[in-house]
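The structure appears below as structure tokens.
In what follows, chains carry the letters A, B, and so on, assigned in the order in which the sequence lines appear, proteins first and then strands, with residues in each chain numbered from 1.
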There are 2 protein chains.
Amino acid sequence: MTVGGIDLSGSATIVRPAAINILSRHELEACKRCDARHQGLCDALHDDDLHFLSDAAHRSAIAKGEVFVTEGNPARNFFNINQGAAKLYMDLADGRRQITGFVGVGDFVGLAAGTRYAFSAEAIEPVQLCRFDRIELRAVSARFPVIERRLLEIASHELVIAQEQMLLLGRKTAIERVASFLEGWYRRTLCADPGAPLDLPMLRGDLAEYLGLTIETVSRVLASLRRQGVVAVAADHRISILDHARLAAIGQTFA
Amino acid sequence: MTVGGIDLSGSATIVRPAAINILSRHELEACKRCDARHQGLCDALHDDDLHFLSDAAHRSAIAKGEVFVTEGNPARNFFNINQGAAKLYMDLADGRRQITGFVGVGDFVGLAAGTRYAFSAEAIEPVQLCRFDRIELRAVSARFPVIERRLLEIASHELVIAQEQMLLLGRKTAIERVASFLEGWYRRTLCADPGAPLDLPMLRGDLAEYLGLTIETVSRVLASLRRQGVVAVAADHRISILDHARLAAIGQTFA
DNA sequence: CGGCTATTTGAGTCTAGTCAAAGCCTGTGG
DNA sequence: CCACAGGCTTTGACTAGACTCAAATAGCCG
């Protein structure tokens, strides 16, 4: 038997679906219905093998505002977001904070760590996630090397994002940063209607801490983009992009 | 067996050390004497298995100033630096540039890519490197999963570095950026004598493009650190750190 | 309707950028 | 050995974009 072109001889014959216990089967079904089933890590395994991941997953709910990863703590777990959204950030001693990323459904959290986490993570919406013990996940990936390969792909993608963010933080002006962000967020949440308003789950303060700006500057820049007719800013954290071409041009996003 | 293709079935039994051809053996010996032998990727395999990597490596010399990776080009290769140093960067259309990292001996280049490179790479010193075709390297890693694991470790480490750089670019002042850089460079090149002057292979302009500043600001900040007695700046791109504690305090580097 | 938080707007300041010029190395050739 | 050319670096004067401080406005939820 091969999965993803890799020889897995014997593995499927040792643990057959019929041998899965009731609890495991129940969670496996939850797994198959999960919004994140066909994204990132979980998409690496076929339904037949999914129980290996499902059995390793510890499901939990995180309240809005709760910090579930703390910078400097021993990096014992990975996380996969199934519901909601969170911000990842690093702090300086005097309180200055840089948000290094926002994660949502299907995103994998915890790669940016050696023996200790290099970042903190806080839910900005109620979050449902699967926690994986690093040791346990390593055991699963020893059986399914495709998992390690997928993690590498995820890490590579995150590196690309990180470098684009360095370009943004190091070289772009305030208006370029905001425009880049909106255009990038639009592409991420691209669902159906290109004209549908974007849902921004984060506060202005989060946006500022992500873009290396202050709340006031973000607010002023959004007002300016609104006056230019590029976006429409609603009160309920929704922003409609009225002129994509102009937004992309301002944001210097030709990627 | 094919090398350059994907199928390597049975290769370990077909190609025994005794069966390695002269050229291959010669390069393997070069491999074992390589400055990068016990770092990063190459450290993943024991001497006994090293020839699998050695055979996949295409060695080449890159002149100072030569660009060997171009942003946007198809990402067909990985690179491992054996000698010299290079800068990795992204450009905006109007010429603004952000250097996303410097790489030296033992560093692995090319993870930050999907189907196309997200960055460009230019030698800032004469470089010797091993080029790996991604397909070929994948074939080797299919046989030695430890390689994929090592790549994941490398990517994780790069993510940590990238996040620290985002914190620097988004939240630190000019003097904090320069101090952070010097302290970080010191830790990287930590060889023996803590008082030995640091060798900075890059120009002031590179430093500025790495730190999100201008040449003039970098120069002014270095002058300020010199006047404060924190560093001694020599003309030949060498800088001695006179007061590590103070430098670390200024740079807010407590990691 | 209040009380609270989030956001917007305004006025003034400051850090780092821009423009300009001088100084300093390094290598070359007389 | 010295003069010169070129690029790199430093320093100075001024500017500008983003920050700080402050106040007004707008949502939200009891």
Can you check the B:Asp236 CG to C:dC25 C1' distance for me, whole Å?
11 Å
Spacing of B:Arg96 atom CZ relative to D:dG17 atom P, expressed in whole Å:
12 Å
Between CD1 of A:Ile215 and C1' of C:dT5 the distance, given in whole Å, is 11 Å
Return the value, rounded to whole Å, for the distance between atom CZ of A:Arg238 and atom C1' of D:dC28.
17 Å
B:Ser219 side chain to B:Ile215 backbone, donor-acceptor under 3.5 Å
no
Between D:dT20, D:dT9, C:dC19, which one does the side chain of B:Glu216 approach most closely?
C:dC19
Quick check against the 3.5 Å criterion: does A:Gln39 have a side-chain atom that pairs as donor or acceptor with the backbone of A:Asp107?
no
Below 4.5 Å, heavy atoms only, C-beta onward: do A:Arg177 and A:Thr173 meet side chain to side chain?
no
Residue-phosphate contact under 4.0 Å: B:His237 side-chain N/O, D:dT9 OP1/OP2
yes
To the nearest angstrom, the NZ-P distance between B:Lys64 and C:dT26 comes to 12 Å
Quick one: the side chain of A:Arg220 and the base of D:dG17, do they pair up donor-acceptor inside 3.5 Å?
no
Looking at every heavy atom in both A:Ile154 and A:Leu41, which two are closest together, and how far apart are they?
CD1-N, 3.8 Å
Reckon B:Arg177 touches a base, only the sugar-phosphate, or nothing at all at heavy-atom distances under 4.0 Å?
nothing
Please figure out whether A:Arg171 or A:Arg204 has its closest DNA chain C nucleotide nearer the 5' end.
A:Arg204
Would you jot down, in residue-number order, the residues of residues 205-213 of chain B having a non-hydrogen atom under 4.0 Å from DNA chain C?
B:Gly212, B:Leu213
Centre of B:Phe78's six-membered ring, under 6.0 Å away, within 45 degrees of the axis: is that where NZ or CZ of B:Arg134 sits?
yes
Rounded distance in Å - CZ (A:Arg226) to P (D:dA26):
12 Å
Between B:Leu222 and A:Val218, which is nearer to the 5' end of DNA chain D once each is assigned its nearest nucleotide?
B:Leu222
If you only use heavy atoms from C-beta on, which nucleotide in C:dC25, D:dA18, D:dT9 is closest to the side chain of A:Thr217?
D:dA18
Closest approach to the side chain of A:Leu203, judged atom by atom: which nucleotide of D:dT10, C:dT9, C:dA6 is it?
C:dA6
For A:Ala232, is there any backbone N or O sitting under 3.5 Å from a side-chain donor or acceptor partner on A:Arg238?
no
Measuring from the side chain of A:Thr214 (C-beta onward, heavy atoms only), which nucleotide among C:dT8, D:dT11, D:dC19 has the closest atom?
D:dC19
Hey, which of these two, B:Met202 or A:Ile175, hits DNA chain D nearer its 5' end, going by closest nucleotide?
B:Met202
A:Ala223 has a side chain; which of C:dT8, C:dT18, C:dT9 sits nearest to it?
C:dT9
Measure across B:Leu159 and A:Ala112 and return the closest heavy-atom pair with its distance rounded to 0.1 Å.
CB-CB, 3.9 Å
